> 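Below is a structure I'd like to ask you about.
As the structure is a computational prediction, the values presented were derived from the model and not from experiment.
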Amino acid sequence: MSFPRYPKYQPSGVEWLGDVPGHWEVKRLKYVTTHNDDVLDETTPPETEIVYVDISGVDGVNGITAKEPMIFSAAPSRARRRVRHGDVIVSTVRTYLRAIAKIREPEENLIVSTGFAVVRPCALDPDFLGYLLSARFFIEQVIARSTGVSYPAINASELVAIPATVPPLTEQTRIAVFLDRETAKIDGLVAEQQRLMELLKEKRQAVISHAVTRGLNPKAPIKSSGIEWLGDVPAHWEIKRLKRACHVFPSNVDKKSHDGETPVLLCNYTDVYYNDTIIAGMDFMAATASSDQIAKFTLRAGDTIITKDSETADDIAISAYVPADLPGVVCGYHLSMVRPLSETAGAFVKRLFDSSYAKSCFAVLANGLTRVGLGQYELDNVELPFPPLAEQTRIAEFLDAETARFDTLTAEAQRAIDLLQERRTALISAAVTGQIDVRGV
């Protein structure tokens with residue numbers, strides 16, 4: 001849908017704003033808002049209950065996504081800014097995160113981090129202000145005026161010195177109502193694509209799990225696996241401990257350099273966590289290793305690399321497959337390398353680790369307090385179903401084709417989400433800067 005432009009424009013006097021509608025004003029934000037008006041007093045009784053919002057709990061599209069109830073004595077020192085209905089919070093630290101949210105009907109004891117500027121309208125419609133501060137031009141100015149490399153930040157006084165477009169008040173309200181309606185439509189379409197991605201993920205998981213525990217022939221005779229939560233398996237399959245099908249090598253190669261060691265490339269935790277396969281050309285970490293470590297932990301074609309410890313059981317035994325030899329690339333710490341024996345197909349082992357059955361096994365076997373992990377004993381002795389070698393290969397090839405299809409559909413859904421969110425951002429920016437006239441819409 002296209003929208004008309006205003007009949008008359010004038011120069012804004014601000015290079016990056018360009019022309020604005022002839023009857024609009026351009027003012028620094030501080031002349032139409034106040035900021036950081038209310039703080040939680042240091043004399044607050046220690047047992048006072050608050051609801052705290054940190055920067056990590058705010059998303060530029062969805063607003064506040066996480067709140068943490070706590071008592072004042074246990075709250076971090078940055079839990080000090082009071083907010084009220086109509087305010088907009090804008091992160092002044094790590095500004096690249098674009099953590100901006102409208103405050104609507106908050107809890108009376110809602111407190112946000114001092115890493116936010118709390119902007120309060122005094123000559124602006126609160127809903128228009130919310131869109132204005134989430135517009136692309138404003139966010140880009142906040143980022144451009146931030147200082148610092150790894151932790152860029154902006155002073156609140158500098159933030160409210162940014163020029164902003166100020167239409168007449170009734171027009172602000174019309175723009176906000178228009179954007180409420182249009183962004184709700186876009187958000188609904190995004191939610192549909194997100195649900196589709198979840199369904200594709202569930203279906204992908206189900207196809208993998210069925211293939212590696214039931215095979216591809218629905219008419220094959222079955223037998224009891226002897227394992228309650230695995231159930232029946234094809235009658236000609238074996239239930240083996242992993243050590244009978246593979247060698248398991250928990251890595252002890254860390255990121256630190258040691259004297260007398262050889263430079264290597266390290267396949268690290270994140271390489272495995274975020275990738276289904278480990279291939280040449282990835283951005284491996286530079287490290288060093290001893291000659292024994294290089295001989296033992298250099299990646300080979302057919303290996304499966306898994307995460308052996310993490311903060312939660314959900315993040316252990318995440319797997320990635322090595323489809324081709326990678327000379328000079330070594331399996332790093334926090335990972336275990338699973339290498340198939342002669343009667344085992346490495347690609348099938350990878351898919352076994354992806355199955356719901358294997359994930360359930362490892363969740364039960366994981367142990368630890370601050371971190372959970374899988375030791376050599378647990379990995380060696382987990383019981384898994386194995387068909388004959390030729391059937392393993394057929395199953396792996398089938399799953400390669402099926403998962404590629406699911407991954408293509410998921411990528412298409414993600415592209416649709418990206419386009420919709422870009423459309424949302426562009427629409428907000430166009431409306432609050434007067435590049436489109438929505439008064440008659």
> What pairs with Asp315 under salt bridge (Lys or Arg N to Asp or Glu O under 4.0 Å), at least two apart in sequence or on another chain?
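Once residues adjacent in sequence are excluded, Asp315 has no partner under the salt bridge (Lys or Arg N to Asp or Glu O under 4.0 Å) criterion.
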> Taking all non-hydrogen atoms of both residues, which atom of Arg104 and which atom of Asp87 are closest, and how far apart?
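Closest pair (atom of Arg104, atom of Asp87, distance): NH1-O, 3.5 Å.
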> Check whether any side-chain heavy atom of Arg82 sits under 4.5 Å from a side-chain heavy atom of Leu40, and report yes or no.
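Side chain of Arg82 against side chain of Leu40, heavy atoms only: contact under 4.5 Å found.
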> List in chain and number order the residues that pass side-chain contact (heavy atoms from CB on, under 4.5 Å) with Asp283, two or more places apart in sequence or in another chain; answer none if no residue qualifies.
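With neighbours one apart ignored, the set is empty.
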> What is the minimum heavy-atom distance between Val253 and Ala289, and which atoms define it?
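So the minimum-distance heavy-atom pair works out to CG1-CB, 4.1 Å.
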> Assess whether a salt bridge exists between Arg84 and Asp37, defined as any Lys/Arg side-chain N lying under 4.0 Å from an Asp/Glu carboxylate O.
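Salt bridge between Arg84 and Asp37, a charged N being under 4.0 Å from a carboxylate O: no.
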> Any chance you could measure Leu409, atom CG, to Met197, atom CE, to the nearest 0.5 Å?
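If I round to the nearest 0.5 Å, the distance is 11.0 Å.
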> Minimum heavy-atom separation for Ser225 to Ile239, with atom names?
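Minimum heavy-atom contact is O-CG1, 3.8 Å.
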> Do Ile318 and Ile306 have side chains that approach each other closer than 4.5 Å (heavy atoms only, starting at C-beta)?
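No - every pair of side-chain heavy atoms lies 4.5 Å or more apart.
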> Do we see a donor-acceptor contact under 3.5 Å between the side chains of Asp125 and Thr173?
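Judged by distance alone, the side chains do pair up.
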> Do Gln10 side-chain atoms and Asp19 backbone N/O form a donor-acceptor pair below 3.5 Å?
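Pair absent, no side-chain N/O of Gln10 close to backbone of Asp19.
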> List, one per line, each side-chain donor-acceptor pair under 3.5 Å for residues 21-29, sequence neighbours excluded.
unit_1: His23; atom_1: NE2; unit_2: Glu171; atom_2: OE1; d: 2.8
unit_1: Trp24; atom_1: NE1; unit_2: Glu171; atom_2: OE2; d: 3.1
unit_1: Arg28; atom_1: NH1; unit_2: Ala161; atom_2: O; d: 2.6

> Taking the six-membered ring where the residue is Trp, are the ring centres of Tyr151 and Tyr96 under 6.0 Å apart?
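No, the ring centres sit 6.0 Å or more apart.
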> I'd like to know whether CH2 of Trp229 has more than 12 heavy-atom contacts from other residues, nucleotides or ligands below 6.0 angstrom.
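Check fails, neighbour count at 12 or below.
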> So, does Tyr131 use its side chain to make a donor-acceptor pair with the main chain of Ile175 at under 3.5 Å?
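Answer holds: no.
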> Classify the angle between the aromatic ring planes of Tyr269 and Tyr273 as parallel (below 30°), tilted (30 to 60°) or perpendicular (above 60°).
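The arrangement is parallel - the two ring planes meet at less than 30°.
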> Whether the Asp54 and Ser56 side chains hold a donor-acceptor pair (N or O, under 3.5 Å, no angle test) is what I'd like checked.
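Not at all, the side chains of Asp54 and Ser56 share no donor-acceptor pair under 3.5 Å.
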> Does the side chain of Ser209 pick up a donor-acceptor pair with the side chain of Ser355 at under 3.5 Å?
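Ser355 and Ser209 do not have a side-chain donor-acceptor pair below 3.5 Å.
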> Between Phe353 and Val338, which heavy-atom pair has the shortest distance, and what is it?
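So the two residues come closest at CZ-CG2, 4.0 Å.
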> Can you list every pair that meets side chain to side chain donor-acceptor pair (under 3.5 Å) and has a residue in residues 430-441, with sequence neighbours left out?
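Residue pairs passing side chain to side chain donor-acceptor pair (under 3.5 Å), neighbours aside: Arg5-Gln435, Asp437-Arg439.
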> Assess the residue pair Phe178 and Phe128 against the criterion (ring pair (Phe, Tyr, Trp, His ring centres under 6.0 Å)); give the C-alpha distance rounded to whole Å, side-chain angles, the decisive distance to 0.1 Å, and a yes or no.
CA-CA 10 Å; Phe178 164 79; Phe128 177 81; over 10 Å; no
> Show the numbers, then the answer: is there a side chain to side chain contact (heavy atoms under 4.5 Å, CB included) between Asn275 and Met282?
CA-CA 10 Å; Asn275 296 284; Met282 292 175 62; 3.4 Å; yes
> Please check if the side chain of Thr48 supplies one atom and the backbone of Pro45 the other of a donor-acceptor pair under 3.5 Å.
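Indeed, once roles are kept as given, a pair shorter than 3.5 Å links the two residues.
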> List the steps and the verdict of salt bridge (Lys or Arg N to Asp or Glu O under 4.0 Å) for Glu198 and Arg195.
CA-CA 5 Å; Glu198 284 300 313; Arg195 285 193 293 272; over 6 Å; no
> Can you confirm whether the side chains of Arg351 and Thr403 place a donor and an acceptor under 3.5 Å from each other?
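Result is yes, a qualifying pair exists.
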> Can you find a heavy atom in the side chain of Lys255 that is under 4.5 Å from one in the side chain of Leu266?
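Side chain of Lys255 against side chain of Leu266, heavy atoms only: contact under 4.5 Å found.
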> Going from CG on Leu420 to CD on Gln193, what distance comes out if it is rounded to the nearest 0.5 angstrom?
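Reported to 0.5 Å precision, the distance equals 7.0 Å.
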> Take atom CD of Glu47 as the centre, draw a 6.0 Å sphere, and report whether it contains more than 12 heavy atoms from other residues, nucleotides or ligands.
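It does: Glu47 CD has more than 12 such atoms within range.
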> Give a yes or no on whether a salt bridge exists between Asp407 and Arg204, defined as a side-chain N under 4.0 angstrom from a carboxylate O.
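Judged by the 4.0 Å cut-off on N to carboxylate O distance, Asp407 and Arg204 do form a salt bridge.
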> CG/Leu399 to NZ/Lys350 distance, rounded to the nearest 0.5 angstrom?
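Here the interatomic distance stands at 11.0 Å.
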> Quick one: pull up SG in Cys361 and CD1 in Ile227 and give me the separation to the nearest 0.5 Å.
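If we round to the nearest 0.5 Å, Cys361:SG and Ile227:CD1 are 6.5 Å apart.
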> Indicate yes or no for a side-chain donor-acceptor contact from Asp303 to the backbone of Val322 under 3.5 Å, with no hydrogens or angles considered.
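Such a contact is absent between Asp303 side chain and Val322 backbone.
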> Could you walk me through whether Arg98 and Asp59 pass the side chain to side chain contact (heavy atoms under 4.5 Å, CB included) test, one step at a time?
CA-CA 7 Å; Arg98 294 168 160 78; Asp59 177 276; over 6 Å; no
> Does a donor on one side chain sit under 3.5 Å from an acceptor on the other, for Asp354 and Ser319?
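Checked: Asp354/Ser319 side chains pair up, N/O donor to acceptor below 3.5 Å.
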> Please determine if Lys185 and Glu182 form a salt bridge, counting it only when a charged side-chain N lies under 4.0 Å from a carboxylate O.
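The answer is yes: the pair qualifies as a salt bridge.
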> So, are Arg80 and Glu42 salt-bridged, with charged N and O less than 4.0 Å apart?
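The answer is yes: the pair qualifies as a salt bridge.
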> Answer yes or no: is there a side-chain heavy-atom contact under 4.5 Å between Gln172 and Leu124?
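Yes, side chains in contact.
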> Looking only at non-hydrogen atoms, find the nearest pair between Ala176 and Asp127 and report the distance.
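The pair with the smallest heavy-atom distance is CB-CB, 3.6 Å.
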> Would you sort out whether Phe362 and Leu379 count as a side chain to side chain contact (heavy atoms under 4.5 Å, CB included), showing the intermediate values?
CA-CA 8 Å; Phe362 293 128; Leu379 285 168; 3.8 Å; yes
> Write out all pairs satisfying salt bridge (charged side-chain N to carboxylate O under 4.0 Å, His left out) with one or both partners inside residues 136-153, taking only residues at least two apart or from two chains.
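Sorted result for residues 136-153: Arg136-Glu422, Arg145-Glu158.
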> For the residue pair Gln293 / Asn252, report whether a side-chain donor-acceptor contact shorter than 3.5 Å exists.
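Asn252 vs Gln293: donor-acceptor pair found between side chains.
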> Could you check if a side-chain atom of Met337 sits within less than 4.5 angstrom of a side-chain atom of Ser251, using non-hydrogen atoms only?
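Sidechains of Ser251 and Met337: no contact.
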> Look up atom CZ in Phe284 and atom CG in Leu326, then write down how far apart they are to the nearest 0.5 Å.
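It comes to 5.5 Å.
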> Measure the spacing between CG of Asp309 and CZ of Arg371 and express it to the nearest 0.5 Å.
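Answer rounded to 0.5 Å: 4.5 Å.
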> Given side chains that start at C-beta, do those of Leu159 and Val142 come closer than 4.5 Å, heavy atoms only?
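They are in contact (side-chain heavy atoms under 4.5 Å apart), so the answer is yes.
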> Would Val272 and Cys267 count as a side chain to side chain contact (heavy atoms under 4.5 Å, CB included) here? Give the steps.
CA-CA 8 Å; Val272 172; Cys267 177; 4.0 Å; yes
> Is any side-chain heavy atom of Asn381 closer than 4.5 Å to one of Leu242?
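Of all side-chain heavy-atom pairs linking Asn381 with Leu242, none is under 4.5 Å.
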> Please check if atom CZ in Arg120 has more than 12 non-hydrogen atoms from other residues, nucleotides or ligands closer than 6.0 Å.
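Yes - once you tally the heavy atoms of other residues, nucleotides and ligands closer than 6.0 Å, there are more than 12.
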> Is a side-chain donor or acceptor of Thr288 paired with a backbone partner of Pro263 at a separation under 3.5 angstrom?
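No; judged by distance alone, with no hydrogens or angles, the pair does not exist.
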> List the residues meeting salt bridge (Lys or Arg N to Asp or Glu O under 4.0 Å) with Lys67, not counting sequence neighbours, and say none if there are none.
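Here the qualifying residues are Glu107.
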> Might you point out which heavy atoms bring Phe116 and Val53 nearest each other, and give the distance in Å?
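Nearest pair, atom of Phe116 first, then Val53: CE1-O, 3.9 Å.
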> Mark yes when over 12 heavy atoms from residues, nucleotides or ligands other than Tyr333 sit less than 6.0 Å from its OH; otherwise mark no.
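Atom OH in Tyr333 is not crowded, with 12 or fewer foreign heavy atoms closer than 6.0 Å.
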> How about Leu299 and Val330: do any of their side-chain heavy atoms sit closer than 4.5 Å?
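No, their side chains stay 4.5 Å or more apart.
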